[in-house]
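All remarks here apply to the structure that follows.
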Amino acid sequence: MSRKRMIYEGKAKILYEGPEPGTLIQYFKDDATAFNAEKRAVLDGKGVLNNRISEYMMTRLGDVGIPTHFIRRINMREQLIKKVEIIPLEVVVRNVAAGSMARRLGIEEGTPLPRTIVEFYLKRDDLGDPLVTEEHIAAFNWASPQEVDDMVSLALRTNDFTSGLMSAVGIRLIDFKLEFGRYYEGEMVRTILADEISPDNCRLWDVETGNKLDKDRFRQDLGGVTEAYGEVARRLGIIKDNGASDNVVAFNGGAK
Ligand code: UDP
């Protein structure tokens with residue numbers, strides 16, 4: 001069998017040509033990067049967990065009517081997705097001050113925000129993904145006003161649903177990053193949720209202890225990164241064990 005054709009290799013995922021027109025295969029690597037890829041590591045089993053967590057989140061969001069690129073999981077590291085044209089913006093939703101916003105505005109990390117804040121960052125690694133406003137987006141035509149409306153509305157719906165889902169399993173959704181794509185269906189183009197939703201792009205804190213269950217464990221050298229991702233998967237009922245990396249391979253067995 002010939003190897004699939006690679007379309008794109010990113011920091012944590014690879015995209016291959018899909019089996020049918022209009023589809024792609026999204027492969028989750030174990031690679032972790034932070035600080036614009038200045039810090040790198042391979043975290044055994046992270047890709048397997050993120051594939052499962054993102055499958056779960058996209059499926060649940062789809063159940064409540066949020067359009068996503070997810071079609072189905074293929075195996076431990078791959079999922080079939082709809083091919084979209086990625087809108088070159090990262091959409092960050094924040095409920096609690098943390099990370100770059102806490103630093104930039106001098107707000108103590110962990111301070112609840114008076115209202116949910118949606119921010120846009122331009123996807124440009126060479127510029128360190130700068131914060132941009134709707135004025136920039138309109139002026140440089142990175143997305144249409146309709147697409148900006150769609151992204152804000154879908155991001156807020158995703159926030160409400162995911163906050164509730166996480167809260168039910170003792171996790172606080174602090175903030176997260178989404179990416180959207182243009183999905184072409186005949187004459188129509190729709191804005192749909194793309195990329196992934198996993199502890200790589202969310203901040204998730206344990207409600208009781210405040211422990212970080214996300215990529216900040218890697219950014220801040222707190223250790224136990226894969227174990228924390230496994231804990232999120234376990235609480236959501238995606239896996240049965242504690243998610244230790246050698247169990248991650250055992251739990252799945254290719255079953256859906
Ligand atoms: N985030 C991401 N990719 C990025 C930048 C941010 O997934 O390139 C996520 C990050 O994990 C967090 C949220 O977006 O959940 C807000 O990140 P922030 O701007 O605070 O970034 P930091 O500089 O702390 O990574």
Side-chain angles (χ1 to χ4, degrees), residues 8-13 26 28-41 43 46-47 49-51 53-54 57-58 61 68-69 86-113 115-133 136 142 151-152 154-156 158-163 165-167 171-181 193-206 210-222 225-226 228-229 232:
Y8 173 80
E9 176 156 16
K11 284 171 277 197
K13 297 187 293 292
Q26 180 164 251
F28 288 76
K29 301 192 278 187
D30 281 340
D31 301 40
T33 64
F35 312 118
N36 208 7
E38 277 169 36
K39 178 171 177 162
R40 295 162 181 274
L43 303 171
K46 177 179 81 87
L49 286 164
N50 281 354
N51 186 23
I53 294 170
S54 199
M57 292 307 309
M58 295 279 182
L61 290 166
T68 84
H69 72 162
I86 290 287
I87 296 174
L89 297 166
E90 299 194 338
V91 182
V92 169
V93 181
R94 300 179 185 273
N95 300 305
V96 175
S100 71
M101 188 209 211
R103 282 194 299 278
R104 193 172 51 246
L105 302 181
I107 306 172
E108 194 187 345
E109 184 155 284
T111 309
L113 297 170
R115 50 170 278 179
T116 297
I117 293 173
V118 179
E119 299 171 334
F120 293 97
Y121 293 83
L122 181 64
K123 270 173 70 71
R124 277 283 299 267
D125 281 344
D126 58 334
L127 301 176
D129 296 345
L131 181 66
V132 295
T133 69
H136 299 108
W142 293 318
M151 288 191 286
V152 170
L154 292 170
L156 290 173
T158 299
N159 182 49
D160 284 348
F161 183 79
T162 309
S163 292
L165 193 84
M166 292 295 175
S167 165
I171 295 173
R172 275 175 92 193
L173 179 62
I174 304 301
D175 59 29
F176 59 96
K177 183 263 298 184
L178 299 176
E179 292 186 24
F180 292 90
L193 193 52
D195 192 46
E196 69 177 292
I197 302 183
S198 75
D200 264 6
N201 46 35
C202 300
R203 284 196 171 91
L204 303 167
W205 295 358
D206 181 78
N211 281 347
K212 296 180 177 182
L213 301 172
D214 57 59
K215 193 167 145 185
D216 273 350
R217 299 204 72 83
F218 170 66
R219 293 190 188 96
Q220 299 169 7
D221 291 320
L222 300 174
V225 185
T226 316
Y229 287 32
V232 173

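Both counts, for ligands and for their atoms, begin at 1 and track the order of listing. Numbers here are sequence positions counted from 1.
- Residue D200 has at least one heavy-atom neighbour below 4.0 Å for each of these atoms of ligand 1: 7 (O), 11 (O).
- Close contacts between ligand 1 and G99 involve ligand atoms 20 (O), 24 (O) [criterion: under 4.0 Å to a heavy atom].
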Practice task
With salt bridge (charged side-chain N to carboxylate O under 4.0 Å, His left out) as the test, would you mind laying out the steps for K29 and E9 before giving the verdict?
Solution key: CA-CA 10 Å; K29 301 192 278 187; E9 176 156 16; 2.7 Å; yes

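- When heavy-atom distances to ligand 1 are checked against a 4.0 Å cut-off, I174 has no atom that comes that close, whether in backbone or side chain.
- For atom 11 (O) of ligand 1, the closest non-hydrogen atom of the protein is R219 NH2, 2.9 Å.
- Side-chain polar atoms of Y229 and D200 form a donor-acceptor pair below 3.5 angstrom.
- A salt bridge links D175 and R203; the closest N-O separation between the charged side-chain nitrogens and carboxylate oxygens is under 4.0 Å.
- When the side-chain contact (heavy atoms from CB on, under 4.5 Å) test is applied to E108, the partners found at least two apart in sequence or on another chain are T111.
- In terms of protein heavy-atom proximity, atom 14 (O) of ligand 1 is closest to K177 CB, 3.4 Å.
- Looking at atom 24 (O) of ligand 1, its nearest protein heavy atom turns out to be R203 NH2, 2.6 Å.
- Ion pairing of R124 with E90 is absent here, as no side-chain N (NZ or NE/NH1/NH2) approaches a carboxylate O to less than 4.0 Å.
- Side chains of S100 and R94: a donor-acceptor N/O pair is present below 3.5 angstrom, by distance only.
- Annotation: atom 5 (C) of ligand 1 to nearest protein heavy atom, E90 OE1, 3.9 Å.
- Within ligand 1, the atoms closer than 4.0 Å to a non-hydrogen atom of D129 are 8 (O), numbered from 1 in the order shown.
- Using a 4.0 Å cutoff on heavy atoms, D214 does not count as a contact of ligand 1.
- Contact between E119 and ligand 1 is absent, with no heavy atom of the residue lying under 4.0 Å from the ligand.
- Here K11 pairs with D125 in a salt bridge; the nearest charged N to carboxylate O distance falls below 4.0 Å.
- In K215, neither the side chain nor the backbone holds a heavy atom less than 4.0 Å from any atom of ligand 1.
- Among all protein heavy atoms, the one lying closest to atom 13 (C) of ligand 1 is D175 OD1, 3.5 Å.
- Counting the atoms of ligand 1 from 1 in the order shown, those under 4.0 Å from a heavy atom of V92 are 14 (O), 16 (C).
- Distances below 4.0 Å separate heavy atoms of N201 from the following atoms of ligand 1: 7 (O), 9 (C), 11 (O), 15 (O).
- Protein heavy atom at the shortest distance from atom 19 (O) of ligand 1 is S100 OG, 2.6 Å.
- If you look at C202 next to ligand 1, the close heavy atoms, those under 4.0 Å, all belong to the backbone.
- Within a 4.0 Å radius of atom 16 (C) of ligand 1, the protein has at least one heavy atom.
- Applying the ring-ring contact (aromatic ring centres under 6.0 Å, His included) rule to W205 yields no partners; only residues at least two apart in sequence or on another chain are considered.
- Listed by atom number, the atoms of ligand 1 under 4.0 Å from R103 heavy atoms are 23 (O), 24 (O).
- Electrostatic pairing of D206 and K212 does not count as a salt bridge here, judged by no charged N lying under 4.0 Å from a carboxylate O.
- For N159 and N95, the side-chain atoms include at least one donor-acceptor pair closer than 3.5 Å.
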Practice task
Assess whether side chain to side chain contact (heavy atoms under 4.5 Å, CB included) is satisfied between K39 and T33, documenting all intermediate values.
Solution key: CA-CA 5 Å; K39 178 171 177 162; T33 64; over 6 Å; no

